[in-house]
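Here is the naming used below: chain letters follow the sequence lines, and residue numbers restart at 1 for every chain.
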Protein chains: 2
Amino acid sequence: MGDVFKALADETRRLILDELATRDDQTLFELCSLLISRHGVNSSRQAISQHLAVLESAGLVTVRWQGRSKLHSIERGPLRDLTQRWLEPGKDTRCGST
Amino acid sequence: MGDVFKALADETRRLILDELATRDDQTLFELCSLLISRHGVNSSRQAISQHLAVLESAGLVTVRWQGRSKLHSIERGPLRDLTQRWLEPGKDTRCGST
DNA sequence: CGATTATGCAAGTATCCACTTGCCTGTCAA
DNA sequence: TTGACAGGCAAGTGGATACTTGCATAATCG
């Protein structure tokens, strides 16, 4: 399993997650179009494909084949409690705990 | 301000945060010793210093000078809600919200 | 003051990583 | 079956980055 932090370190990959957070089951071409039109990313199809491979290896994206289309979805599991390692209980400000 | 995700992408820097999460106000030499003895990191003092600079630039480490010693502490602000961008409200599991 | 300690700065190297290019495989429609 | 579509694989390139080496600066101690 790849490194979740390393996967999140790239801006293009974060934008891919943004798009997948908006809508699941998107193909490579759909993601390419959205990244170009909405975020000005001008990378090739292969570049995006490699980014998706990194995200998949990190467990942040799951894949489902449908015919010749590969449908990508976001996997939120690895994102939860990712930084909990440094936010020890008792000092958390998010849940209104004293 | 640097990139928080990029700062967290390096294992050595994550270990530094681990040590700073254990104890605040540590000097460069203290961190070097701990990284070597507890984690087998065998980087030079300058390497660790550069890592600390990256962490500081990302806002993850704050610095306080005391004489000729530079005391480093963890800054947890940028760590909170770092992944909230993809964990839209209503699907959060941490606060027991419905 | 001189010596030591704690750290910073700058340049060089070597590896990693994002990206491209070119070609190949598998699926669908006519 | 033929052509078009969706995607994968592999090699090469350029830029970023982790690390080292060598020297410089500032504070403390005798």
Inset, instruction - Look at B/H51 and D/dT17 and indicate whether a side-chain polar atom (N or O) is within less than 4.0 Å of OP1 or OP2. - result: no
Inset, instruction - Output yes when A/K70 and A/D25 qualify as a salt bridge under the 4.0 Å nitrogen-oxygen rule, no when they do not. - result: no
Legend entry - DNA chain C contacts made by residues 9-19 of chain B, counting heavy atoms under 4.0 Å: none
Legend entry - N/O donor-acceptor pair under 3.5 Å between A/R13 side chain and A/A7 backbone: yes
Legend entry - Atom pair distance, as rounded to whole Å: CZ in B/R64 and C1' in C/dT7: 17 Å
Inset, instruction - Send over the distance from A/D3 CG to C/dA18 P, rounded to a whole Å. - result: 12 Å
Inset, instruction - Starting at atom CZ of A/F5, determine the distance to atom C1' of D/dA18, rounded to an integer number of angstrom. - result: 19 Å
Produce the list of close N/O pairs, under 3.5 Å, pairing protein atoms with atoms of nucleotides 7-16 of chain D; give distances to one decimal.
residue : atom : partner : partner atom : Å
D/dG7   : OP1  : A/L28   : N            : 3.3
D/dG7   : OP1  : A/K70   : N            : 3.3
D/dG7   : OP2  : A/F29   : N            : 3.3
D/dG7   : N7   : A/R45   : NH1          : 3.2
D/dG8   : OP1  : A/K70   : NZ           : 2.6
D/dG8   : OP2  : A/S49   : OG           : 2.9
D/dG8   : O6   : A/R45   : NH2          : 3.0

Inset, instruction - Indicate whether any N or O donor in one side chain lies under 3.5 Å from an N or O acceptor in the other, for B/E19 and B/H39. - result: yes
Inset, instruction - Just do the side chain to side chain contact (heavy atoms under 4.5 Å, CB included) check on B/L71 and B/W65 with the steps written out, would you? - result: CA-CA 6 Å; B/L71 306 180; B/W65 278 97; over 6 Å; no
Legend entry - salt bridge (Lys or Arg N to Asp or Glu O under 4.0 Å) contacts in which one or both residues fall within residues 44-55 of chain A, not counting sequence neighbours: none
Legend entry - Candidate list B/L79, B/T83, B/D81, B/V4, test side-chain contact (heavy atoms from CB on, under 4.5 Å), partner A/T83, passing option: B/L79
Legend entry - Intermediate values then yes/no, side chain to side chain contact (heavy atoms under 4.5 Å, CB included), A/C32 and A/L28: CA-CA 6 Å; A/C32 283; A/L28 176 56; 4.2 Å; yes
Legend entry - A/I74, A/L55, A/L52 screened by side-chain contact (heavy atoms from CB on, under 4.5 Å) with A/L60, the one that passes: A/L55
Inset, instruction - Using atom CD of B/Q66 as one end and atom P of C/dA6 as the other, report the distance to the nearest whole Å. - result: 13 Å
